[in-house]
Amino acid sequence: QVQLQESGPGLVKPSQTLSLTCTVSGISITSDTYYSSWIRQSPEKGLEWIGYINSAGDTYYNPALKSRTSISRDTSKNQFTLQLSSAAPEDTAVYYCAIMRTLWFYDYWGQGTQVTVSS
């Protein structure tokens, strides 16, 4: 049974880095053709893809967020991490981690975690 769980602070101050970790069980994120992804959802923008790291360790980012985004992984812990720098109130959203077996269909989702950027 595949399970994904987001973790990290629910409140981030403006200009600081928004950091989240996704812990995965039931599947290895290094398996061939898997894309470990971050997505967010807000009333203003709806669902917005942030980026992914594939099973080879290559990263790809939404061009609108690329300059501020870093996705990394810890294969020994079967975890991957989102870092979004220079956070602003517009980054307030529910953040999800998800895994795609093929582009662009999300096979597995975490439950999501609310992150608010506010002073």
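Counting begins at 1 with the first residue of the sequence.
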**Student:** With sequence neighbours excluded, what pairs up with Q79 under the side-chain hydrogen bond (donor to acceptor under 3.5 Å, both in side chains) test?
**Tutor:** T23
**Student:** Under the side-chain hydrogen bond (donor to acceptor under 3.5 Å, both in side chains) rule, collect the residues that match up with T33, sequence neighbours excluded.
**Tutor:**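 So T33 forms no side-chain hydrogen bond (donor to acceptor under 3.5 Å, both in side chains) with any residue.
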**Student:** Taking only residues two or more places apart in sequence or in another chain, which ones pass ring-ring contact (aromatic ring centres under 6.0 Å, His included) with F80?
**Tutor:**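 Scan of F80 (ring-ring contact (aromatic ring centres under 6.0 Å, His included), adjacent residues dropped) gives W38.
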**Student:** For Y60, which fellow cluster members are found when Ile, Leu, Val, Met, Phe, Trp and Tyr are connected by side-chain heavy-atom distances below 4.5 angstrom, either directly or through intermediates?
**Tutor:** Y35, I39, L47, W49, Y52, V94, Y96, M100, L103, W104, Y106, W109
**Student:** Which residues pass the side-chain contact (heavy atoms from CB on, under 4.5 Å) test with T116, sequence neighbours left out?
**Tutor:**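 By the side-chain contact (heavy atoms from CB on, under 4.5 Å) rule, T116 matches L11, T92, Q114, S118.
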**Student:** Could you give the distance from CD1 (I99) to OG (S36), rounded to the nearest 0.5 Å?
**Tutor:**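 Spacing of CD1 (I99) from OG (S36) equals 4.5 Å.
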**Student:** Which donor-acceptor pairs under 3.5 Å do the side chains of residues 65-72 make with protein atoms, sequence neighbours left out?
**Tutor:**
unit_1: R68; atom_1: NH1; unit_2: S85; atom_2: O; d: 2.9
unit_1: R68; atom_1: NH1; unit_2: S86; atom_2: O; d: 3.4
unit_1: R68; atom_1: NH1; unit_2: D91; atom_2: OD2; d: 3.1
unit_1: R68; atom_1: NH2; unit_2: D91; atom_2: OD1; d: 3.0
unit_1: T69; atom_1: OG1; unit_2: L65; atom_2: O; d: 2.7

**Student:** For a side chain to side chain contact (heavy atoms under 4.5 Å, CB included) check, start with the C-alpha distance between T75 and T30, then their side-chain angles and the critical distance, and finish with the verdict.
**Tutor:** CA-CA 7 Å; T75 57; T30 61; 3.5 Å; yes
**Student:** Tell me whether N78 contacts the main-chain N or O of I29 through its side chain, where contact means a donor paired with an acceptor under 3.5 Å.
**Tutor:**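 Judged by distance alone, yes, a pair lies under 3.5 Å.
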**Student:** Examine distances only and state if a side-chain atom of R40 and a backbone atom of V115 form a donor-acceptor pair shorter than 3.5 Å.
**Tutor:** no
**Student:** Could you check whether any side-chain heavy atom of T81 comes within less than 4.5 Å of a side-chain heavy atom of L20, counting everything from C-beta outward?
**Tutor:**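 A side-chain contact under 4.5 Å is absent here.
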**Student:** Which pairs pass side-chain hydrogen bond (donor to acceptor under 3.5 Å, both in side chains) with one or both residues in residues 2-13, sequence neighbours excluded?
**Tutor:**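 Those involving residues 2-13 do not exist here.
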**Student:** Measuring from L82:CG to S19:OG, what's the distance to the nearest 0.5 Å?
**Tutor:**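 Between L82 CG and S19 OG, I get 7.5 Å after rounding to 0.5 Å.
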**Student:** List for me each residue that meets side-chain hydrogen bond (donor to acceptor under 3.5 Å, both in side chains) alongside S119, sequence neighbours excluded, and say none if there are none.
**Tutor:** none
**Student:** With the side chain counted from C-beta on, respond yes when Y108 and I27 share a heavy-atom pair under 4.5 Å apart, and no when they do not.
**Tutor:** yes
**Student:** With sequence neighbours left out, write down each residue that passes side-chain hydrogen bond (donor to acceptor under 3.5 Å, both in side chains) with Q83, or none if nothing qualifies.
**Tutor:**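 side-chain hydrogen bond (donor to acceptor under 3.5 Å, both in side chains) check on Q83 returns nothing, list empty.
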**Student:** Disulfide (SG to SG under 2.5 Å): which pairs involve residues 23-119, sequence neighbours left out?
**Tutor:** C22-C97
**Student:** Roughly how far, to the nearest 0.5 Å, is OG1 of T21 from CZ of R73?
**Tutor:** 15.0 Å
**Student:** Residues in side-chain contact (heavy atoms from CB on, under 4.5 Å) with S15, at least two apart?
**Tutor:**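 Result, side-chain contact (heavy atoms from CB on, under 4.5 Å) vs S15: none returned.
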**Student:** Is there any salt bridge (Lys or Arg N to Asp or Glu O under 4.0 Å) pair reaching into residues 92-104, and which pairs are they, with sequence neighbours excluded?
**Tutor:**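 Applying salt bridge (Lys or Arg N to Asp or Glu O under 4.0 Å) to every pair that reaches into residues 92-104, excluding sequence neighbours, yields R101-D107.
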